[in-house]
Structure formats: C-alpha cells, structure tokens
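Just so you know, these numbers use all the heavy atoms, side chains as well, and skip hydrogens, waters and symmetry mates.
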Amino acid sequence: MSTDATDAKRRHDPGIRGFASDNYAGAHPEILAALALANGGHQSAYGADEYTEHLQRTVRSHFGARAEAYPVFNGTGANVISLQALTDRWGAVVCADSAHIHVDECGAPERVGGLKLLTVPTPDGKLTPELIDREAHGWDDEHRAMPQVVSLTQSTELGTVYTAEEIRAICDHAHERGMKVHLDGARIANAAAALDRPMRAFTNAAGVDVLSLGGTKNGMLFGEAVVVLDPDAVRAMKHLRKLSMQLASKMRFISAQWDALLSGDLWLRNARHSNAMARRLADGVRDVDGVEILYPVQANAVFARLPNEVSERLQKRYRFYFWDEAAGDVRWMCSFDTTEQDVDGFVAALREEMGR
C-alpha cells in the first residue's frame, strides 16, 4: 500500500486557473529542464560554481561590462540588501506610496534593513523629479533621516511603465542631489516587452545604480538577483547578502535558472505573452457595463472597479485579489502560462455575474 512517504502525489488540481498573481504560475518547462541539467555531480558551493560564473557573462550582455550579479532567494531580500548597500545608517529612501518595499514587504526595509522610507503619493505609481523633491531635502538636518536613495519600480505596482527617458530624468535629478537610484525590477521583463526596448535602455544606460532583477514572476521556480550596475555606488554587497541570509549554498540551481531565462529570449517571450493576455483581458471587459479600468494597461496587470458582490461571486470561480475592497478595486494578473481560453472564460464569467 502506498503512503505519503513513498508515493509522490500531485496535491493540486492543475486545471485550476486564476488571475491572482503571476506568482501562482508554475515554472516554465525550459527552466525545469535547466535545473535537471544542472543536477548531478559536485559543484562548488556559495556561488563558486560554473553556472554562477557563466551568469556573470550573461548579465553583462544585458546590463553592460561593469554589471555584477548576486543571486538571492527572493525579491524582498534583493530589495533590502540593495538599499542597505546604497545607504548609511542614517539614510532614507524616497519611494512611491504604492511601492512594494512600502506596502508588501512587512516593513523589512525598515525593520531588517534599518532604513527610513519616505513615501510620496503618485497618481499612477510613477515618481517624477518634482514628486521626489517633496521628500528629497533636509540633508543637513540631523533631526531628519537623510534622503540618500530613490527607489523606482518597473513595471510599477499599478501596472504602469516608466519610459527610458523618464528614468533617465529621475536618475539625473537624483545624482545631481548626491542621491543614488535603485530599481525594483520584479517585473522588469514585462516593462521591456511593453516598451519594446532592451532592459539596459532603462537601467544602466539611464543611470540606475542597482537593480533588483526579478525572475520568479516570469517563469523561474525560485530565486531573484541583485545586479550592481555601478560598483562604485555600493559597499560590501557580498557581505550584506550573507548577513541578510540570502546566500544560497547550492547557488548553481538559482544561476542555472537565470541562464535559461536570460541567455536566449525566454525572458522576453514570457513577458510578451503575459502582457498580451492582460491586453486581451482589458479589451474583453472594457465594454462591460459597470466595470471601470482604473489605470493604463501597459504590462501584465489589469486594475478594475466593479461592485463588491460581483467580485465576491466571481472569486468563487477564479482566484484574484481585491486591491482596495472599500472602493471595489480589484487586480487581475496574467502570467506566462495564461491562455486565451483562460482570459475568454474569465470575461464570460464576469459578464454572467454582472448580469445577475
């Protein structure tokens, strides 16, 4: 008789689909194949392996000859150690009030990183030089945390995308004030696909100092990376990674995934597909009476407003999250494995529930 200890079982229904998060999707088959190839035999631990060494060359092909990649376990870890490497103990970080580092990381930048976040309201999730200046002041005031970093999110938490020119203007503005720029790129591939420009166009070429490079939302099984674009802007990154419990012993299994994602065009194929599914979803619901699309659909997210009772019924059929339940705002995310059938089925279900 089989037991849980001897019989590996699928414990979920693979037919369940939803629009809650691109983290809900599994790993891309090419990523799983890369992991299988990286398995077997012995490789040096803690990043001294062939896969991590090769990753450095791959990352430099995207982000320039000075780029240095530090694979880590997760996005919060990438953000925290990136910001720590750019700040002093008395430093502060200017960010949008919708930024992931402020809203969704359980206070980790402040409690673990020891940073002060100076948040700025934005209409669409995007900072501007003028908005940054609301908090970028008082450097000589010992009573105030010193603004030392601007943190951007690309694509933003509201699904909008900065142009390369907008990021260049922010970087120039920050650097003129002695500040550095961090970019949270959890969905950077979606932004590149939306802009139809290489990632370097709005990172190292635009003046960004450090990048949190996201892969899990774009088909990887686990793992993210800190990419130092300007080594002169940071201090002791490898020590901060270890201190922050983000140093993987079997790092080859993170680096092998990155190699599969970035060495060819898998990163871009996945992002283009998820973006296209979001556009299809938005187009499908745009003319449904009682549904309002809240922000431009530029990446793989659709934000909408509809009656709460409709959302609650619809959530029993498809998974998705409320964004602001009091206002009736919801978020629908598409992923690399979202199909046209998924989208069309969801739109049909929404129409049905709205008509009840």
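Side chain of Thr156 to backbone of Leu158: a donor-acceptor contact under 3.5 angstrom is found. Listed for the Arg200 side chain is a donor-acceptor partner under 3.5 Å among the backbone atoms of Ser61. At least one donor-acceptor pair closer than 3.5 Å links the side chain of Gln257 to the backbone N or O of Leu221. A distance-only check finds a donor-acceptor pair linking the side chain of Arg252 to the backbone of Ala38 [under 3.5 Å]. Within the 3.5 Å criterion, the main-chain N or O of Leu261 finds no donor-acceptor partner in the side chain of Glu30. Of the possible donor and acceptor atoms, none in the side chain of Asp329 sits under 3.5 Å from a partner among the backbone N and O of Trp323. Although no hydrogens or angles enter the test, the distance criterion places a donor-acceptor pair under 3.5 Å between the side chain of His62 and the main chain of Leu262.
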List the steps and the verdict of side-chain contact (heavy atoms from CB on, under 4.5 Å) for Arg356 and Val310. CA-CA 9 Å; Arg356 286 178 59 178; Val310 174; over 6 Å; no
What's the verdict on side chain to side chain donor-acceptor pair (under 3.5 Å) for Asn308 and Ser311, showing C-alpha distance, side-chain angles and the deciding distance? CA-CA 5 Å; Asn308 278 14; Ser311 292; 5.4 Å; no
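Note on Val72: it clusters hydrophobically with Ile101, by side-chain heavy-atom contacts below 4.5 Å among ILVMFWY residues. Tracing side-chain contacts under 4.5 Å through hydrophobic residues (I, L, V, M, F, W, Y), one reaches Trp258 starting from Leu229; they form part of the same cluster.
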Report, one line per pair, each donor and acceptor closer than 3.5 Å where one atom sits in a side chain of residues 107-116; sequence neighbours left out.
| residue | atom | partner | partner atom | Å |
| --- | --- | --- | --- | --- |
| Glu110 | OE2 | Leu117 | N | 3.1 |

Got a list of side-chain donor-acceptor pairs under 3.5 Å for residues 292-301, not counting sequence neighbours?
| residue | atom | partner | partner atom | Å |
| --- | --- | --- | --- | --- |
| Gln298 | OE1 | Val161 | N | 2.7 |
| Asn300 | ND2 | Asp22 | OD2 | 3.0 |
| Asn300 | ND2 | Cys334 | O | 2.9 |

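Among residues two or more places apart in sequence or in another chain, the salt bridge (Lys or Arg N to Asp or Glu O under 4.0 Å) test is passed with Glu105 by none. Listed by chain and residue number, nothing satisfies the side chain to side chain donor-acceptor pair (under 3.5 Å) test with Asn204 (two or more places apart in sequence, or in another chain). Judged as a side chain to side chain donor-acceptor pair (under 3.5 Å), and not counting sequence neighbours, the contacts of Thr216 are Glu224. Annotation: ring-ring contact (aromatic ring centres under 6.0 Å, His included) contacts of His28 (sequence neighbours excluded): Phe336. Scanning for salt bridge (Lys or Arg N to Asp or Glu O under 4.0 Å) contacts around Asp344 gives Arg280, with sequence neighbours left out. With sequence neighbours excluded, no residue satisfies side chain to side chain donor-acceptor pair (under 3.5 Å) with Glu312. Every residue two or more places apart in sequence or in another chain was checked for a salt bridge (Lys or Arg N to Asp or Glu O under 4.0 Å) with Asp324, and none qualifies. Partners of Tyr70 under the side chain to side chain donor-acceptor pair (under 3.5 Å) rule, at least two apart in sequence or in another chain, are Glu68.
Membership of the apolar cluster around Tyr24 extends to Tyr321, as traced through chained side-chain contacts below 4.5 Å between ILVMFWY residues. Through direct or relayed side-chain contacts under 4.5 Å between Ile, Leu, Val, Met, Phe, Trp and Tyr, Tyr46 connects to Leu247, Met251.
Between Asn79 and His100, the side chains place no donor N or O within less than 3.5 Å of an acceptor N or O (distance only, hydrogens not considered). Side-chain contact check for Ser274 and Asn190: at least one donor-acceptor pair (N or O, by modelled atom type) lies under 3.5 Å. At a cut-off of 3.5 Å, with distance as the only test, a side-chain donor of His182 or Ser212 sits close to an acceptor on the other residue. A donor-acceptor pair shorter than 3.5 Å can be found between the side chains of Thr338 and Ser335. Using modelled atom types, one finds a donor on one side chain and an acceptor on the other under 3.5 Å when comparing Arg177 with His173.
Put simply, the residue from Phe303, Trp332, Phe346 that forms a ring pair (Phe, Tyr, Trp, His ring centres under 6.0 Å) with Phe19 is Phe346.
Gln56 contributes atom CD, which lies 11.0 Å from atom NE2 of His54 (distance to the nearest 0.5 angstrom).
The pair Asp209-Lys180 does not count as a salt bridge, with every side-chain nitrogen at least 4.0 angstrom from each carboxylate oxygen.
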